[in-house]
Amino acid sequence: MYKSEKLALSLKHLIESGFWKANDKLPSLRQQAETSGFSLMTVMNAYQELEAQGLIYSQEKLGYFVTGDARSESNSNSVILNEKIEINSKIFRYLKSIQSEQMVPFGIAFPNSQLLYSAKLMQTLGQRAKHRLSYEQMPSLPPGNFELRKLIAQRYCMQGIPTDPSDIVITSGGLDALNLSLQAMTQPGDYILLQKTIFYGAWQAAEHLGLKVISIPEHEEHGIDLEAFKDAIERYPIKVCLLMLNSHNPIGFTVSDDIKYQLAKLLHERDIYLIEDDVYEELYFDHKKPLSMKYFDQKNLVLHCSSFSKTLGAGFRIGWVYAGKFSEHIQHLQLMSTLSVNSFIQNALVDYLSHRHYEKHLKTLRNTLKRLKNQYYTYLSEHLSEDYQIHYYPSGYFLWITLPEQINGNLIYEQLLEKNISIAPGSLFYQTDNIPHHIRINCSFEINERIQNALDALIQCIYPEAFE
Ligand SMILES: Cc1ncc(COP(=O)(O)O)c(C=O)c1O
């Protein structure tokens, strides 16, 4: 046993025996080194081991503290501390690998472009392109085009969320909105909370900003596990949570209003900020648009991020954040990075949104996605055995499939890549040392001969007995 492991074990005993209580400060590294006779490095390794076990947490410049409810590792394994995130290179390699036009794009994150880029919007862009003046007509500096912010603010008001255009900052897509929000609210080394399975952009942002991630598991029925959430916020000094509650990517669930309300109460009690990633908010199949957490936000703790990428086209790169009191700070960050968001597209969007073309387009888009998702689900269900769990939710365009435990999603991805078929392996969305046995499929493509063949090849690859 290493010296650091020995030291960690004896310190753990002090915590579990109650000698050190919740939120007690541990001796500084130097004090501990002096009293124990171990080197600074040994003490640091021991503290890091205890932190990884969730027994202590660190606070920049203040030192190490006993976590709120210091339980043994075995009791607390649903809340996980991810100290150092390293995912960006993996995502980079993945995105490069699926780029070819020959590839059947079940792995991509955007809806089939045939369903986006609405003809009316393209017409508006064409008309605007003829008038050079319109390229510069509106000031393009942060927070972005006033008329566009006004139209976005109106959409919030229609959902019962009082909003002023000054609350909104236009960003270069939803990802920029998430990154800017997180950057505005955290310092390197801070703790943030993520769902265990979540859009890889959230993990990338944590890596980029040097944040420690506390992750909580999904709940089979409710989507989010409130008990684990409570546990996490009691035990760690969480600065901000970043969550997806509507049409979750990759799993697909939408959290009920009741659970959202309870979540908001917990955030309010502790004044914890929430960045809500809601880029699929318009892609619901039921009659009613799901509420966002912003609706339940009485204390201005929620920064709501969304974009037009999933409804009009990712190529436009237009998103926004309901930034409220963080608006100034986010604008300052924009001035040091992207400077401004494409003003030409912002102007065209103003025309398009003011004439209610968007509502018509959304209606058609939702109906098409619903039809396609049902077709894919039915076909896959007919051909896969019960050992394969296909998670169906009435929104969006992803199907998340849990494979039998022995099937490795990464290998499936590689095998299909050789056949020019892309899928998204589960390992892009969570951190694990085990075999990742999930895959995500984009089902926004009409089932023609090419897609049908690819679907059959996919089924054959994950379940070779399917066509026997
Ligand atoms: C959940 C989620 N959030 C944010 C984004 C980024 O959206 P945008 O293209 O608007 O930057 C994506 C894109 O795939 C996403 O799936």
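First listed ligand is number 1; within each ligand, the first listed atom is number 1. Note that the structure is predicted; figures quoted are calculated from it, not measured. These numbers come from the heavy atoms of this one structure, side chains and all, not from hydrogens, waters or symmetry mates.
Remark: Lys84 NZ is loosely packed, at most 12 non-hydrogen atoms of other residues, nucleotides or ligands lying under 6.0 Å away.
Ion pairing between Lys212 and Asp190 fails under the 4.0 Å rule for side-chain N and carboxylate O. Ion pair Lys294/Glu276 not flagged as a salt bridge, since none of the NZ, NE, NH1 or NH2 atoms sits closer than 4.0 Å to an Asp/Glu carboxylate oxygen. Between Glu446 and Arg371 there is a salt bridge, with a side-chain nitrogen of the basic residue lying less than 4.0 Å from a carboxylate oxygen of the acidic one.
For Ser172, no nitrogen or oxygen atom sits less than 3.5 Å from a nitrogen or oxygen atom of ligand 1, counting backbone and side chain alike. The shortest N/O to N/O separation between Ala314 and ligand 1 does not fall below 3.5 Å.
Of all atoms in ligand 1, numbered sequentially from 1 with element shown, those under 4.0 Å from a heavy atom of Arg317 are 8 (P), 9 (O), 11 (O). When each atom of ligand 1 is checked for a heavy atom of Ser307 under 4.0 Å away, the hits are 10 (O). Near Ala109, the atoms of ligand 1 lying under 4.0 angstrom from a non-hydrogen atom of the residue are 14 (O). Below 4.0 Å from some heavy atom of Met244 lie the following atoms of ligand 1, by number and element: 1 (C). Annotation for ligand 1: atoms under 4.0 Å from non-hydrogen atoms of Ser309 are 8 (P), 9 (O), 10 (O). Shown in contact with Asn249 at under 4.0 Å from a heavy atom are these atoms of ligand 1, numbered in order with element: 1 (C), 15 (C), 16 (O). Proximity to Gly173 (heavy-atom distance under 4.0 Å) selects the following atoms of ligand 1: 10 (O), 11 (O).
Between the side chains of Tyr284 and Lys289, no donor-acceptor pair of N or O atoms lies under 3.5 Å. Side-chain polar atoms of Tyr200 and Asn249 form no donor-acceptor pair below 3.5 angstrom.
In this structure, the protein non-hydrogen atom closest to atom 13 (C) of ligand 1 is Lys310 NZ, 2.8 Å. At the shortest separation from atom 6 (C) of ligand 1 among protein heavy atoms lies Leu175 N, 3.6 Å. Scanning all protein heavy atoms for the shortest distance to atom 3 (N) of ligand 1 gives Asp277 OD2, 2.7 Å.
Residue Tyr280 touches ligand 1 through its side chain alone, judged by heavy-atom distances below 4.0 Å.
A cation-pi contact, defined as under 6.0 Å to the ring centre and within 45° of the axis, is absent between Lys239 and Tyr191. Both cation-pi conditions hold for Lys310 and Phe110: the charged atom is under 6.0 angstrom from the six-membered ring centre and inside a 45 degree cone around its axis.
In terms of modelled atom types and a separation under 3.5 Å, the side chain of Asp286 and the main chain of Lys288 share no donor-acceptor contact.
Counting only non-hydrogen atoms, the option in Phe316, Phe199, Phe110 that gets closest to atom 15 (C) of ligand 1 is Phe199.
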